[in-house]
Amino acid sequence: MIKDDTVEKIIDESQQGSTLALEHREKNTRKLYIESYGCQMNFSDSEIVASILSKEGFNTTQDLAEADLVLVNTCSIREKAEQTVRKRLEKFNAVKRTNPHMKVGVLGCMAERLKSKFLEEEKIVDMVVGPDAYKDLPNLIQEIDEGRNAVNVILSKDETYGDVAPVRLNSNGVTAFVSITRGCDNMCTFCVVPYTRGRERSRDPQSILEEVNDLWEKGFKEITLLGQNVDSYLWYGGGLKKDFDKASEMQKATSVNFAKLLELVAQAQPKMRIRFSTSNPQDMTLDVIEAMANHENICNYIHLPVQSGSNRILKAMNRLHTREEYFQLIDNIRRIIPDCAISQDMIAGFPTETEADHQDTLSLMEYVKYDFGFMFAYSERPGTLAARKLADDVPEETKKRRLQEIIALQQKHGLYRTQQHVGKVEEVLIEGTSKKSDAHWMGRNSQNTVVVFPKEHYKVGDFVNVKINDCTSATLIGEAVEYSKNN
Ligand code: SAM
């Protein structure tokens, strides 16, 4: 999977801007249209919002023209993400001319970043709601129903939505996200997330296990534990990660870290595939890698963003590790889990980046030979440390050229990695019909690589052993051999 900054998408490109459809409740009389942009956390949050509003009399619609309420869950990570949302607001404005009763709410990171300024800048917007305020939506909607604008952008110390059962009805019924932490304390100098999603807090492991068990009961076969920095997960009875020092001895002794949580989830549902995202190299410990190796159902795949291969730039980004420490981590992963896939996020053209820094990035990529990559040109975000302290001084055409070189190298490595699967028989979980052929299934192997193969008698949700016959730089092509023992 190769992403560049010309398409403003982080994880699943096909999902961007998609609307969410809910189960139809007979007694619900109003219609909600909800659209999501950005990272997996945002899609997961939209499922929470939809769940809250289904109890407030809203059925979802995918027809904008008939909506009583339009919600757009927004992303601020790069400027282009925000431009996409502004364009959508223009479209909503046009619809409002024929449907004047329609109300428009902006949710998520852009709402948090711009706060009530949004109401001044975009006259069409009636309601602005930050990522920690979704439980207040019933009150806010009442406000706008009575003709007033409504804003709640208060960030919370303990909100994790652990008590809201998200709605999954628009999913493939096979894979689901389970949110485990909210916010981020890393303060990477380029990143807007700590400002838009607040301080880091972890969700009660008991509520995570309940959600996972419930998903298994409903037929789901794979979950992805989600957080901005999952390896930093720490439950000690609630509260911010940064306040762990102040916890009682008892709280400390009974605390649950990410490796422990992984084990609890893997043991609770031994046939459920477990993935997690995103890992920050500075917080990924050996016990996490060992937990992966000890449990067959934890997938052999780590998304391990590095952002740059230059020690000088890593420091300027406030990434709290060096290139050499990153290599050590990669070596440990390869030693403990030899067939583990690793993917990256990379930023081209961070302020002050020289040609030599860029070459360090390319040589780091040569060392790791990532399976996948998500690559971006640096986009200055207002309010971040980098924006306040460093001039955005790498010319646009240099950023673009460096990004293209990174993408080309990633494509080469992607092909090298997919070729290693050819000739092997690998377990694939079927997710749905291939986009390119109705006669083929699409699924993923443990390493998260997409596999397509003829459908035969298999069905969505089956675990199938597939012989890999061919590949492109991002896809494996094979044929089913038999059901896998996990079925
Ligand atoms: N929490 C993860 C981490 O710190 O590694 C990922 C956070 S972010 C939602 C996803 C990716 O967007 C980042 O890993 C980074 O590559 C990219 N990104 C974040 N801020 C950016 C910026 N100002 N310009 C360009 N890319 C950015």
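Indexing begins at 1, ligand by ligand and atom by atom, following the structure's order. When reading the values below, keep in mind they use all heavy atoms of this one structure, side chains included, and skip hydrogens, waters and symmetry mates. Keep in mind that this is a model prediction, so the values were computed, not measured. We're numbering straight along the sequence, starting at 1.
Here the shortest heavy-atom distance to atom 13 (C) of ligand 1, taken over N280, D345, T189, belongs to D345.
Taking every non-hydrogen atom of Q228 and a distance limit under 4.0 Å, the qualifying atoms of ligand 1 come out as 1 (N), 2 (C), 7 (C), 9 (C). Within ligand 1, counting atoms from 1 as listed, the ones closer than 4.0 Å to a heavy atom of R319 are 3 (C), 4 (O), 5 (O). Numbered from 1 in the order shown, with element, the atoms of ligand 1 that lie under 4.0 Å from a heavy atom of P305 read 5 (O). Atoms of ligand 1 found under 4.0 Å from any heavy atom of R78, numbered from 1 in the order shown, are 12 (O), 17 (C), 18 (N), 24 (N), 25 (C), 26 (N), 27 (C). Against a heavy-atom cut-off of under 4.0 Å, T278 is close to the following atoms of ligand 1: 2 (C). Within ligand 1, the atoms closer than 4.0 Å to a non-hydrogen atom of R381 are 23 (N), numbered from 1 in the order shown. Each of the following atoms of ligand 1 lies closer than 4.0 Å to a heavy atom of Q307: 5 (O), 13 (C), 14 (O), 15 (C), 16 (O).
Atoms CZ and NZ, on R201 and K242 in that order, are 11.5 Å from each other to the nearest 0.5 Å.
Neither side chain, S446 nor E427, offers a donor N or O lying under 3.5 Å from an acceptor on the other.
Heavy-atom distances between A386 and ligand 1 stay at or above 4.0 Å for every pair. Taking a 4.0 Å cut-off on heavy atoms, N186 fails to register as neighbouring ligand 1. Note on ligand 1: I347 sits in its first shell, one or more heavy atoms being nearer than 4.0 Å.
For T352, the side-chain hydrogen bond (donor to acceptor under 3.5 Å, both in side chains) criterion is met by R312, not counting sequence neighbours. With sequence neighbours left out, the side-chain hydrogen bond (donor to acceptor under 3.5 Å, both in side chains) criterion links E112 to no other residue.
When non-hydrogen atoms are compared, ligand 1 lies under 4.0 Å from the backbone of F190 as well as from its side chain. The residue C184 has no part lying near ligand 1, judged by heavy-atom distances below 4.0 Å.
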Verdict with reasoning, R197 to D45, per salt bridge (Lys or Arg N to Asp or Glu O under 4.0 Å): CA-CA 12 Å; R197 287 188 161 268; D45 281 1; 3.0 Å; yes
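Looking only at distances, no side-chain donor or acceptor of D357 sits under 3.5 Å from a matching main-chain atom of Q359.
With salt bridges taken as basic N to acidic carboxylate O contacts below 4.0 Å, one links E405 and R401. Ion pairing between a basic and an acidic side chain is recognised when a charged N comes within 4.0 Å of a carboxylate O; E120 and K115 show no such pairing.
Between Y161 and Y134, the two ring planes are parallel [angle under 30°; tilted spans 30° to 60°].
Considering backbone and side-chain atoms together, S379 places an N or O closer than 3.5 Å to an N or O of ligand 1.
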